[in-house]
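Residue numbering restarts at 1 for every chain, and letters A, B, ... go by the order of the sequence lines. Note that these values count all heavy atoms, side chains included, but never hydrogens, waters or copies made by symmetry.
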Amino acid sequence: MAQITLTLPDGNARHYDAGITAGEVAADISKSLAKKAISATVDGAHYDLAWPIEADADIAIHTMQDEDQANELVRHDLAHIMARAVQEIWPDTKVTIGPVIKDGWYYDFDRKEPFTPEDLGLIEKKMKEIINKRDPVRTEVWDRARAVKHYEDLGEPYKVELIDAIPGDEPLRMYWHGDWQDLCRGPHLQHTGQVPGDAFKLMSIAGAYWRGDSDRAMLQRIYGVAFTGKEKLRAHLNMLEEAAKRDHRKLGREMDLFHMQEEAPGQVFWHPNGWRIYTELQDFVRRKQRAGGYVEVNTPQVVDRKLWVQSGHWEKYQENMFIVEVDEEHAREKAVNALKPMNCPCHVQIFNQGIKSYRDLPLRMAEFGSCARYEPSGALHGIMRVRGFTQDDGHIFCREDQIESETAIYIDFLSSMYRDLGFENFKVKFSDRPEKRSGSDEVWDKAEEALLSATRNAGIEPELNPGEGAFYGPKLEFVLTDAIGRDWQCGTHQVDFVLPERLDATYIGEDGAKHRPVMLHRATVGSFERFIGILIEEHAGKLPFWLAPRQVVVASITSDADDYVTEVVETLKKAGVRAEADLRNEKINYKVREHSVGKVPVILAVGNREVEEKTVSVRRLGQKQTSVEPLADVTATLSHDATPPDLRG
RNA sequence: GCUGCUGUAGCUCAGAGGUAGAGCACUCCCUUGGUAAGGGAGAGGUCGAGAGUUCGAUUCUCUCCAGCAGCACCA
């Protein structure tokens with residue numbers, strides 16, 4: 001038998017017969033390691049302890065102390081254990097797939113009866129029984145025909161389909177948890193008892209399409225979370241509870257920012273406080289755009305179908321458009337219009353007025369463009385995914401050879417804005433050519449290369465979204481995260497070869513001939529609605545002072561201080577601070593609590609002492625201690641804080 | 001749009017086949033109190049909408065609307 005050499009992390013090399021398993025290697029190293037071992041990394045691949053190793057390799061044996069590997073195994077085994085529990089309770093249930101995801105796993109089932117929340121308790125109980133049995137985990141490699149026959153006999157059509165979808169005729173790995181069997185890539189633990197029985201929880205039931213295809217069966221998905229110890233589970237559940245408190249829908253109510261109602265689903269009624277944030281943010285973006293060489297425009301809301309037919313939206317996007325038909329009796333003629341779902345075609349109309357020269361390029365055109373999209377009902381989410389919203393939209397008309405430099409300028413522009421808004425870290429995703437697309441491969445090559453190299457030159461390595469680009473060009477997405485870790489695309493930067501063609505945009509080149517400009521679609525905050533939602537969640541309602549809708553409440557402690565309170569408020573207002581008086585006949589405790597709940601960043605309490613000394617007692621949101629300071633000093637500090645970051649000296 | 005769940009006062013929620021309740025918020029009165037809820041009184045609801053079953057429905061059934069979680073969607 002051939003000999004192989006396995007090298008341990010400490011550099012120690014050991015020699016074995018080929019086909020030895022990591023489990024046997026662990027046993028050879030020490031008895032205690034054999035007991036604690038859960039899996040191994042063999043030349044970078046995560047190996048089951050039972051898999052044979054056939055060639056020289058670097059090897060590291062893992063125990064429960066190796067968090068990444070342990071989590072993966074625990075979650076993966078729990079997926080199998082849950083599926084087994086479900087089939088033991090409801091034997092007519094068909095199993096499908098159950099992958100490991102962030103913090104846990106899910107498994108999709110096909111069963112006529114819906115699972116109920118009470119069922120989750122039943123399943124959890126059964127899972128704990130299975131764990132307590134310490135059933136061995138076995139693995140075998142089968143050929144396809146045998147596996148297909150096996151699942152056909154069992155009446156598991158989804159498994160058969162999965163096998164058919166696995167390319168080539170690579171052998172299939174079968175796993176047993178006790179008597180229960182599943183098709184699985186592995187690796188797994190050695191027996192069910194290795195799964196901590198007190199560190200997992202079934203979280204929710206939801207529908208999910210088989211193979212992610214909305215034309216196929218709707219399965220029932222059960223989500224679970226799991227960790228290597230119960231403290232970690234508790235910490236996770238705690239984190240979720242805390243995150244729920246940051247939900248922008250809850251804070252929006254508590255801070256009196258906005259509301260939504262049935263008569264206008266997916267649209268926002270901005271209250272004075274919320275609109276303050278909105279306009280403050282918009283002013284900021286507008287100043288940045290001016291500084292960045294943009295011209296600002298404004299275009300119509302209701303636009304005749306003809307333009308949408310020409311742009312291609314009528315064909316491709318119609319079911320997402322609000323159609324406005326004007327009644328003949330009230331109009332000169334019957335007209336079919338659409339509320340604009342995006343601004344680009346309108347911007348091309350402005351570009352097309354007059355004759356453009358290559359000297360005009362790059363032309364950076366911006367609009368706070370209000371758009372209406374009939375989003376599917378299930379997609380709506382607070383103010384983060386809505387049907388009526390305003391983008392900080394912009395289109396850069398440029399030559400093909402300017403794509404890269406414009407992209408670089410834009411990434412810099414966006415980064416600086418995000419930094420000012422408190423987002424130091426954001427994800428960048430790069431989406432390249434989809435299967436169905438316009439334009440030649442040569443042009444796509446250049447565009448993709450331009451986006452990528454501009455991004456990398458900015459020191460950012462984007463995440464790749466293969467095939468996720470628009471049909472008209474590749475794109476960069478700038479992604480921020482909400483309170484519970486869901487990703488939201490905010491900024492975007494897309495290359496477009498198609499629209500200038502369809503709407504016949506041209507410029508006169510140096511050669512005196514007509515040329516087609518390239519269009520770069522870009523948005524930084526994306527939509528004000530979504531971005532403000534993210535801002536609220538990111539800061540848990542404690543917005544940076546300059547963005548806070550209510551900045552200072554000056555609260556009287558006794559009515560003797562009323563006149564001075566008014567004086568303080570006036571002083572602050574003159575210094576550019578949003579200040580208001582609270583002269584109500586309430587105790588200071590009450591006032592402090594109420595304004596703290598309302599997330600007012602600064603409360604200035606004023607009683608007789610302050611009146612006499614011309615001071616104020618300063619209390620900042622989230623801090624217990626207060627400090628008594630001269631009014632002039634406080635005014636200077638707050639005036640500075642109230643100044644937007646781009647205007648500070 | 002799909003699967004499941006939910007819809008009772010401004011908010012958070014209880015409740016029952018015989019036309020509704022709590023706490024907070026709101027209004028008024030008392031209280032002038034030193035940093036997260038002082039006390040009292042009062043007002044407030046076509047129980048999401050429509051239809052059906054019933055002597056009688058907010059409660060049971062159906063349809064619709066909206067929200068929540070996930071999936072699909074986000075050109």
- Query: Which nucleotide in the list B/U32, B/A36, B/A72 gets nearest to the side chain of A/A379?
  - Reply: B/A72
- Counting only side-chain N and O atoms of A/R216, is one of them less than 4.0 Å from OP1 or OP2 of B/C71? no
- Any ion pair linking A/D247 and A/R249 (charged N to carboxylate O, less than 4.0 Å)? yes
- Query: What is the nucleic acid contact for A/F115, judged by heavy atoms within less than 4.0 Å: base, sugar-phosphate only, or nothing?
  - Reply: nothing
- Item | Residue A/R249, side-chain atoms from C-beta onward, closest of B/A69, B/G34, B/A37 | B/A69
- Message: Measuring only the P atom in each nucleotide, how far is B/G17 from B/A57? A whole number of Å is fine.
- Response: 15 Å
- N/O donor-acceptor pair, side chain A/Y374 with base B/G1, under 3.5 angstrom: no
- Any side-chain donor near an acceptor of the partner, A/D108 and A/W210, under 3.5 Å: no
- Task: Among the candidates B/A72, B/U32, B/G7, find the nucleotide nearest to the side-chain atoms of A/S559.
- Result: B/U32
- Query: Looking at A/K427, A/R530, A/K102, which one forms a salt bridge (Lys or Arg N to Asp or Glu O under 4.0 Å) with A/D487?
  - Reply: A/K427
- If we take the C1' atom in both B/G23 and B/A14, what is their distance in whole Å? 11 Å
- Query: Now, which nucleotide makes the Watson-Crick or G-U wobble pair with B/C26, with each of the two distances under 3.5 Å?
  - Reply: B/G42
- Given atom CD of A/Q220 and atom P of B/G4, what is their separation to the nearest angstrom? 8 Å
- Task: Select base, sugar-phosphate, or nothing to describe what A/D213 touches, counting heavy atoms under 4.0 Å on all strands.
- Result: nothing
- Task: Under 4.0 Å between any heavy atoms, over every strand shown, what does A/E610 touch: base, sugar-phosphate, or nothing? Just pick one.
- Result: base
- Task: With P as the reference atom in both, quote the distance from B/G4 to B/A22 in angstrom, rounded to an integer.
- Result: 37 Å
- Item | Minimum-distance nucleotide (side-chain atoms of A/S214 versus B/C26, B/A72, B/U35) | B/A72
- Query: Is the side chain of A/T637 donor-acceptor paired with the backbone N or O of A/D633 at a distance under 3.5 Å, no angle test?
  - Reply: yes
- Query: If the C1' atom of B/C60 is compared with that of B/C29, how far apart are they to the nearest Å?
  - Reply: 47 Å
- Using atom NE2 of A/H595 as one end and atom P of B/G34 as the other, report the distance to the nearest whole Å. 17 Å
- Query: Under a 3.5 Å cut-off for both distances, is B/G70 Watson-Crick or wobble paired, and to whom?
  - Reply: B/C2
- Task: Establish, with yes or no, whether the OP1 or OP2 oxygen of B/A72 is under 4.0 angstrom from a side-chain nitrogen or oxygen of A/R211.
- Result: no
- Query: Do the ring planes of A/Y418 and A/F531 sit parallel (below 30°), tilted (30 to 60°) or perpendicular (above 60°)?
  - Reply: tilted
- Query: Hey, does the Lys NZ or Arg CZ of A/R387 hover above the aromatic six-ring of A/Y374, less than 6.0 Å from the centre and inside 45° of the axis?
  - Reply: yes
- Item | Sugar-phosphate, base or nothing in reach of A/T558, heavy atoms under 4.0 Å | base
- Query: What's the closest nucleotide to the A/A206 side chain, out of B/A72, B/G34, B/G70?
  - Reply: B/G70
- With a 4.0 Å cut-off on heavy atoms, is A/H313 in touch with a base, just the backbone sugar-phosphate, or nothing at all? base
- Query: So, is A/T626 close to the B/U35 phosphate, meaning a side-chain N or O under 4.0 Å from OP1 or OP2?
  - Reply: no
- May I ask you to establish whether A/R221 and A/F115 are in a cation-pi arrangement, using a distance under 6.0 Å from NZ or CZ to the six-membered ring centre and at most 45° from the ring axis? no
- B/C73 base to A/R385 side chain: any donor-acceptor pair below 3.5 Å? yes
- Message: If only side-chain N and O atoms count, and only distance matters, is there a donor-acceptor pair under 3.5 Å linking A/E367 with A/T299?
- Response: yes
- Message: Please give the distance between the P atoms of B/C68 and B/C47 as a whole number of Å.
- Response: 24 Å
- Message: If I take atom CZ in residue A/F478 and atom P in nucleotide B/C74, what distance separates them, rounded to the nearest angstrom?
- Response: 20 Å
- Message: Under 4.0 Å from OP1 or OP2 of B/A25: is there any side-chain N or O of A/Y590 that close?
- Response: yes
- Should B/G18 form a Watson-Crick or G-U wobble pair with both distances under 3.5 Å, which nucleotide is its partner? B/C55
- Query: Given B/G48, B/A36, B/U3, which nucleotide is nearest the side-chain atoms of A/M218?
  - Reply: B/U3
- Compare the minimum distances between each of B/C2, B/A25, B/A36 and the side chain of A/K624, then state the nucleotide with the smallest one. B/A36
- C1' spacing across the pair B/U8 / B/G21, given as an integer number of angstrom: 10 Å
- Message: For a quick check of understanding: with a heavy-atom distance under 4.0 Å over all strands, which category does A/P376 fall into, base, sugar-phosphate or nothing?
- Response: base
- Query: Should B/A37 form a Watson-Crick or G-U wobble pair with both distances under 3.5 Å, which nucleotide is its partner?
  - Reply: none
- Message: Students often get this wrong, so: under 4.0 angstrom with heavy atoms, is A/Y106 touching a base, only sugar-phosphate, or nothing?
- Response: nothing
- Query: Hey, do the aromatic rings of A/F269 and A/F258 have their centres closer than 6.0 Å?
  - Reply: no
- Tell me: CZ of A/F258 to P of B/G67, nearest whole Å? 13 Å
- Message: Aromatic contact between A/H271 and A/Y278, with the criterion being ring centroids under 6.0 Å apart: yes or no?
- Response: no
- Task: Could you tell me whether A/G212 contacts a base, only the sugar-phosphate backbone, or nothing, with contacts defined as non-hydrogen atoms closer than 4.0 Å?
- Result: sugar-phosphate
- Item | Between P of B/C5 and CG of A/L120, the distance in whole Å | 13 Å
- Message: Need one value for A/K475: base, sugar-phosphate or nothing, where a base atom within 4.0 Å counts as base even if backbone is also close, heavy atoms only.
- Response: sugar-phosphate
- Would one find a side-chain N or O of A/H259 under 4.0 angstrom from OP1 or OP2 of B/G10? no
- Would you mind telling me which residue lines up with the more 5' stretch of RNA chain B, A/E594 or A/G622, judged by nearest nucleotide? A/E594
- Between A/I588 and A/R486, who's closer to the 5' end of RNA chain B by nearest nucleotide? A/I588
- Spacing of the C1' atoms in B/C11 and B/C73 (rounded, Å): 33 Å
- Message: Could you tell me the Watson-Crick or G-U partner of B/C47, where both distances fall under 3.5 Å? Say none if there is no partner.
- Response: none
- Note on the structure: Of the listed B/C73, B/A66, B/C71, the closest approach to the A/P265 side chain comes from B/A66
- Query: Quantified in whole Å, what is the C1' atom distance between nucleotide B/G7 and nucleotide B/C13?
  - Reply: 13 Å
- Query: A/R253 near the nucleic acid: base, sugar-phosphate alone, or nothing, with a heavy-atom cut-off under 4.0 Å?
  - Reply: sugar-phosphate
- Query: Can a side chain N or O of A/R221 be found less than 4.0 Å away from OP1 or OP2 on B/A69?
  - Reply: no
- With respect to the side chain of A/R584, which nucleotide from B/G70, B/G1, B/C26 is positioned closest? B/C26
- Task: From the options B/G34, B/G38, B/A66, select the nucleotide whose nearest atom is closest to the side chain of A/E262.
- Result: B/A66
